[in-house]
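Working notes, beginning with the structure itself.
Sequence lines set the chain letters: A, B, ... in the order given, protein chains first and strands last, and positions in each chain run from 1. Bear in mind that the values here come from a model prediction, so they are computed numbers and not experimental data.
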Protein chains: 2
Amino acid sequence: MIYDLLIENITKNREVSIAEAEKFCSFFNDKTISKKEFLLKQGEFCKFEAFVTEGCFRVFSLDKKGNENTLYFAAKDWWLMDIDSFMNHKPSDLNIQALEDSKILIISQEDKSNLYNELPMAEKFFRIMFQKSIVAWQRRVVRNNSLTAKERYNYFTTHYPEIVLKLTDRQMASYLGITHEFLSKIKKRDKKQ
Amino acid sequence: MIYDLLIENITKNREVSIAEAEKFCSFFNDKTISKKEFLLKQGEFCKFEAFVTEGCFRVFSLDKKGNENTLYFAAKDWWLMDIDSFMNHKPSDLNIQALEDSKILIISQEDKSNLYNELPMAEKFFRIMFQKSIVAWQRRVVRNNSLTAKERYNYFTTHYPEIVLKLTDRQMASYLGITHEFLSKIKKRDKKQ
DNA sequence: AAAAATAGTTGAACAAGTTCAACTCGATCA
DNA sequence: TGATCGAGTTGAACTTGTTCAACTATTTTT
């Protein structure tokens with residue numbers, strides 16, 4: 001069933017009844033996105049939140065010099081959204097692109113609001129999800145400030161081996177905050193040893 | 001009244017009754033912390049969340065080489081906690097130290113749990129607060145990856161001038177992710193122009 | 001008021017990471 | 001089949017930021 005993964009995600013480590021989980025899911029529609037297709041482009045309003053059930057996405061912004069900066073990758077079982085644009089009803093700074101043919105469960109802005117109103121557990125669920133997300137972002141900041149590029153590369157490849165397989169070096173470099181040329185040199189040094 | 005600032009914080013841009021706001025506050029106790037005192041030390045369990053009503057704090061971790069890495073500063077009207085330790089009941093990686101004589105409103109782990117159970121608006125309030133926090137962390141990651149040290153310094157000093165006044169250069173450098181020597185050189189170049 | 005600790009400054013040598021340009025290698029497409 | 005396009009590789013010169021050490025304020029403690 002298309003909702004299996006989402007049900008598992010929301011019930012994991014939580015006291016949630018089957019009825020609640022099913023009601024939760026009923027607010028989501030499934031959608032297919034082809035490789036390279038954009039789910040969101042910079043400047044558009046992000047009017048959805050999504051849960052990835054298949055495939056992988058890249059969330060990135062473009063800086064003044066035109067360099068891509070990858071905020072995160074979202075594979076199966078990850079949530080996908082531009083919180084800022086969604087919450088504050090403003091044009092997005094982010095691009096969301098499918099790295100391969102993918103499937104998501106998507107909820108509109110209106111239904112998200114209904115979900116919160118009709119299902120009290122949704123508030124707690126997303127509150128806890130956001131807390132976890134903050135922990136992850138804090139750790140990322142610390143890693144970026146205290147580790148060398150080589151160390152960040154090692155961290156990423158050992159912690160997200162499945163995602164690494166789906167990426168080009170350029171995409172990984174834009175996540176690590178280095179140029180793809182330098183990533184290539186890091187990998188070369190690796191092989192020699 | 002000691003709760004004035006907290007009441008303003010939780011009612012701002014929200015539909016919250018006075019009764020709710022007062023009940024919310026009743027879970028918090030005020031506490032005074034002297035300059036340089038630690039509210040939390042690495043290795044301890046963070047069993048509180050706090051709201052700063054006066055003064056300023058620094059939240060930082062120590063990496064393997066012994067370098068300090070400042071996650072954020074919390075002045076008046078900011079929230080203060082180690083989410084990871086508090087949520088997952090594990091020893092903290094963070095240190096929280098007062099930069100000057102300060103006052104906070106503090107809530108224990110047990111009361112936080114009671115607050116969520118007894119006051120439904122608390123879930124929504126913290127859910128939205130955490131969403132905003134994620135946006136801020138995402139922007140910080142992008143800045144750290146796409147701006148030079150000089151540009152990050154300019155960003156920080158123009159966006160947080162009141163906090164800058166309370167910091168030593170070493171503390172600011174540990175937030176910007178550079179050495180204090182290099183910060184000194186950045187400031188010198190600034191003056192010449 | 002003196003002593004001791006801590007914070008900021010500066011320079012020289014060094015390391016980490018970027019830039020640009022040239023090249024190679026596959027994949028895809030006409 | 002060739003042409004083309006994007007991805008990865010490599011080197012040389014360059015820029016950004018670090019390290020270490022010595023020095024100078026400035027606070028804090030006694």
Per-pair distances, 0.1 Å, donor-acceptor, side chain in residues 128-137 of chain A, under 3.5 Å, sequence neighbours excluded:
residue, atom, partner, partner atom, Å
A/Q131, OE1, A/R127, NH1, 3.0
A/S133, OG, A/W137, NE1, 3.3

* Please state how far atom CZ in A/F182 lies from atom P in C/dA15, giving the value in whole angstrom units. => 13 Å

* Asked: Quick one: ring-ring contact (aromatic ring centres under 6.0 Å, His included) partners of B/F125, sequence neighbours excluded?
  -> B/F24

* Asked: Roughly, in whole Å, what's the span from CD in B/Q97 to C1' in C/dT6?
  -> 13 Å

* **B/N145 CG - C/dT18 C1' separation (whole Å)** => 14 Å

* For the side chain of A/K185 and the base of C/dT19, is some donor closer than 3.5 Å to an acceptor across the two? -> yes

* Structure fact -> Of A/S184 and B/T148, the one whose closest nucleotide on DNA chain D sits nearer the 5' end is A/S184

* Structure fact -> Which of D/dG17, C/dG17, D/dT9 is nearest the side chain of A/R152? It is C/dG17

* Among residues two or more places apart or on two chains, list those pairs meeting salt bridge (charged side-chain N to carboxylate O under 4.0 Å, His left out) that have a residue in residues 11-22 of chain B. => B/K12-B/D77

* Looking only at side chains, do A/D82 and A/S92 share a donor and an acceptor under 3.5 Å apart? -> yes

* Structure fact -> Closest to the side chain of A/E181, out of D/dT18, C/dA21, C/dG11, is C/dA21

* Within this structure, what is the CZ-to-P distance between A/R189 and D/dT10, rounded to whole angstrom? -> 13 Å

* **Interatomic distance, A/K36 NZ vs D/dA7 P [rounded to whole Å]** => 7 Å

* How close or far is atom P of C/dT10 from atom NZ of B/K187, stated in whole angstroms? -> 12 Å

* Structure fact -> Expected list for residues 168-178 of chain B near DNA chain C, using heavy atoms below 4.0 Å, is B/T168, B/D169, B/R170

* Can the positive tip of B/K112 be found less than 6.0 Å from the middle of the six-membered ring of B/F48, inside 45° of the ring normal? -> no

* Asked: Between A/L167 and B/K35, who's closer to the 5' end of DNA chain D by nearest nucleotide?
  -> A/L167

* Asked: In whole angstroms, how far is the P atom of D/dA21 from the NE2 atom of B/H180?
  -> 13 Å

* **Distance, rounded to the nearest Å, where A/L99 contributes CG and D/dA7 contributes P** => 12 Å

* Structure fact -> Contacts satisfying ring pair (Phe, Tyr, Trp, His ring centres under 6.0 Å) that involve residues 160-189 of chain B (not counting sequence neighbours) are B/F73-B/Y175, B/F156-B/Y160, B/F156-B/Y175

* salt bridge (charged side-chain N to carboxylate O under 4.0 Å, His left out): which pairs involve residues 86-104 of chain A, sequence neighbours left out? -> A/D84-A/K90, A/E100-A/K166

